[in-house]
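Everything on this sheet refers to the single structure shown next.
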Amino acid sequence: MSDPTAAASLPAGLRPGPVRVSVPATTANLGPGFDALGLALELRDVLTAEVLPAGLEVVVTGAGADGVSLDEGHLVVRTIRRTMALLGQEAPGLRLNCLNAVPHARGLGSSSAAICAGVWLGRALVRDGVDRLDDAAAFALAADIEGHPDNVAPAWFGGFTIAGRDDDGWFSVSSPVDPRVGAVVLVPPTPLSTEAARGLLPPTVPHADAAADAGRAALVVAALAHRPDQLLRATRDYLHQEQRRPAMPASLALIDRLRAAGVPATVSGAGPTVLALVSEDPATGLPSSASVLAACPEGWEAHALAVAPDGVRAEG
């Protein structure tokens, strides 16, 4: 519980808190939709922040707790401060508690979750923050910090998103998902940085591969909405997965086996997690979650997850 005496000593433009938010894991690309398609999944980090008269207290439990800084270098702290500065405010001190469920450096959007949570918390701790930084502007700020929008968009808005950037700035458009479609993520024990994965991509690609990928990406949108039977065909990638095989051979070998068995399996984001799209309704033509979970290699984690309709959201 906040100390009312301490709260009274804070700058007038700040809300002392505490404020609490949850943010989902995300999977990007879905095969051919490189840096554009993203899907929110019901695996959530929960974060609580409070303004203090002075100092910094950061407590992290759960996924990645042993690998993150507990000082001003923490990504959520940096994002909270950047958001407040944009709103013309500065917190003299902060208390942050992170209960993490999203695996770190596994291609499930842990950095986007941290950034979106930080933007939401920083905005919430400013008294008129929501009025002056609406969701579109908050998403744009998060995308600026992350550098690409494919995970940030579903983390902020939830569901399935198509995101990018043009002369007008960042954009995100939501698209429906057949309610029968879910996901299984198979998470290997070894991390892979996004920078390392991106470093394997060639500077140019053949025109035929680009055309094939564009067609498959368009098909993903239709297949997720109302033709899940087309997801195996739709999730075939030509531009980035094979090129990254040297960095995650076990993941690509598993994808090869799953796809040969008719499972729409892809690299989740930059990897090395494997995403499989599933359904418990045989009429969809998709495999069941149980059948994919049974294929999880020894030593890997497996999660059967629903699509998350909400992105960042306040928690009581």
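Since this is a predicted model, take the numbers as computed values, not measurements.
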Point to revise | Residue pair N100, T61: steps toward the side-chain contact (heavy atoms from CB on, under 4.5 Å) verdict | key: CA-CA 6 Å; N100 293 340; T61 54; over 6 Å; no

task: Start with the C-alpha distance between V184 and L305, add both sets of side-chain angles, then the distance that settles side-chain contact (heavy atoms from CB on, under 4.5 Å), and finish with yes or no.
output: CA-CA 6 Å; V184 169; L305 303 171; over 6 Å; no

*Taking it one step at a time, do T235 and R259 satisfy side-chain contact (heavy atoms from CB on, under 4.5 Å)?*
CA-CA 10 Å; T235 51; R259 293 188 68 84; 2.9 Å; yes

**OP:** Might you work through the side-chain contact (heavy atoms from CB on, under 4.5 Å) test for V23 and W120, ending with a clear yes or no?
**Re:** CA-CA 10 Å; V23 58; W120 191 97; over 6 Å; no

**Request:** With side chain to side chain donor-acceptor pair (under 3.5 Å) as the test, would you mind laying out the steps for T26 and N151 before giving the verdict?
**Result:** CA-CA 6 Å; T26 53; N151 288 101; 2.7 Å; yes

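Judged purely by atom type and a 3.5 angstrom limit, S193 uses its side chain to pair as donor or acceptor with the backbone of A196. Side-chain N or O atoms of S172 include none that pairs as donor or acceptor with a backbone N or O of A153 at under 3.5 Å. Of the possible polar contacts, one joining the R127 side chain to the L14 backbone as a donor-acceptor pair under 3.5 Å is found. No donor-acceptor pair closer than 3.5 Å links the side chain of R95 to the backbone N or O of L52. S251 contributes a side-chain N or O that, together with a main-chain N or O of P272, makes up a donor-acceptor pair within less than 3.5 Å. Between the R180 side chain and the D281 main chain, no donor and acceptor come within less than 3.5 Å of each other. No side-chain donor-acceptor contact under 3.5 Å links R216 to the backbone of P32. Under a 3.5 Å cut-off, the side chain of Q230 and the backbone N or O of R227 do not form any donor-acceptor pair. A donor-acceptor contact shorter than 3.5 Å is absent between the side chain of H148 and the backbone of D150. Between the D310 side chain and the G158 main chain, no donor and acceptor come within less than 3.5 Å of each other.
The only option from T273, V267, T266, L275 that meets the side-chain contact (heavy atoms from CB on, under 4.5 Å) definition with T27 turns out to be L275. Partner V51 forms a side-chain contact (heavy atoms from CB on, under 4.5 Å) with one of M84, E90, Q89, R15 and no other, that one being M84.
With respect to R244 and E242, no salt bridge is recorded, no charged nitrogen being found less than 4.0 Å from a carboxylate O. A salt bridge links R245 with D256: the closest approach of a Lys/Arg side-chain nitrogen to an acidic carboxylate oxygen falls below 4.0 angstrom. With respect to R123 and D135, a salt bridge is recorded, a charged nitrogen being found less than 4.0 Å from a carboxylate O. A salt bridge does not link R106 to E301: none of the charged side-chain nitrogens sits closer than 4.0 Å to a carboxylate oxygen.
Taking CZ of R20 as the start and CZ of R313 as the end, the distance is 10.5 Å to the nearest 0.5 Å. From L200, atom CG reaches atom CD of Q243 across 9.0 Å, with rounding to the nearest 0.5 Å. In this structure, CG in L231 is found 5.5 Å from CG in L277, a value given to the nearest 0.5 Å. Note that the OG atom of S69 and the CZ atom of R78 stand 7.0 Å from one another [nearest 0.5 Å]. Between the CG atom of D229 and the OG1 atom of T284 there is a distance of 8.0 Å, given to the nearest 0.5 Å. Taking OH from Y238 and CG from D213, the interatomic distance works out to 8.0 Å, rounded to the nearest 0.5 Å.
Under the 4.5 Å side-chain heavy-atom criterion for ILVMFWY residues, a single connected hydrophobic cluster contains both V19 and L86. V181 and L232 are not part of a single hydrophobic cluster, where members link through side-chain heavy atoms under 4.5 Å apart. Residues L224 and V307 are members of one and the same hydrophobic cluster, defined by side-chain heavy-atom contacts under 4.5 angstrom among Ile, Leu, Val, Met, Phe, Trp and Tyr. Connection of L286 to F160 is established within a shared hydrophobic cluster, with ILVMFWY side chains joined at heavy-atom distances below 4.5 Å, either directly or through further cluster members. Both V177 and V220 are assigned to one and the same hydrophobic cluster, defined by single-linkage of ILVMFWY side chains at heavy-atom distances under 4.5 Å.
Taking every heavy atom of both residues into account, A117 and L47 meet most closely at CB-CD1, 3.5 Å. The two residues D237 and Q241 come nearest to each other via the heavy atoms OD2-N, 2.9 Å. For A143 against P149, the heavy-atom pair with the smallest separation is CB-CB, 4.4 Å. Nearest heavy-atom pair across G269 and N29 is O-ND2, 3.3 Å. Contact between L75 and A114 at its shortest, heavy atoms only, is CD2-CB, 3.8 Å. Contact record, A142 with V152: CB-CG1, 3.5 Å, taken as the closest heavy-atom pair.
Counting non-hydrogen atoms of other residues, nucleotides and ligands closer than 6.0 Å to CD of E57 gives a total above 12. For R198, the CZ atom is densely surrounded, since the number of other residues' heavy atoms within 6.0 Å is greater than 12.
In this structure, the side chains of L99 and D45 stay at 4.5 Å or more apart for every pair of heavy atoms. Side-chain contact check for L94 versus E72: every heavy-atom pair is 4.5 Å or farther apart. Inter-residue side-chain proximity for D144 and R82 is flagged as met; some heavy-atom pair is nearer than 4.5 Å. Between L37 and I162, the closest side-chain pair of non-hydrogen atoms falls below 4.5 Å. Taking the side chain as every heavy atom from C-beta outward, W156 and T161 never approach each other to under 4.5 Å. Using a 4.5 Å heavy-atom threshold, the side chains of V77 and L56 count as touching. The shortest distance between side-chain heavy atoms of F157 and V312 does not fall below 4.5 Å. Side-chain contact check for F139 versus V119: every heavy-atom pair is 4.5 Å or farther apart.
Under the side chain to side chain donor-acceptor pair (under 3.5 Å) criterion, S288 pairs with S291, not counting sequence neighbours.
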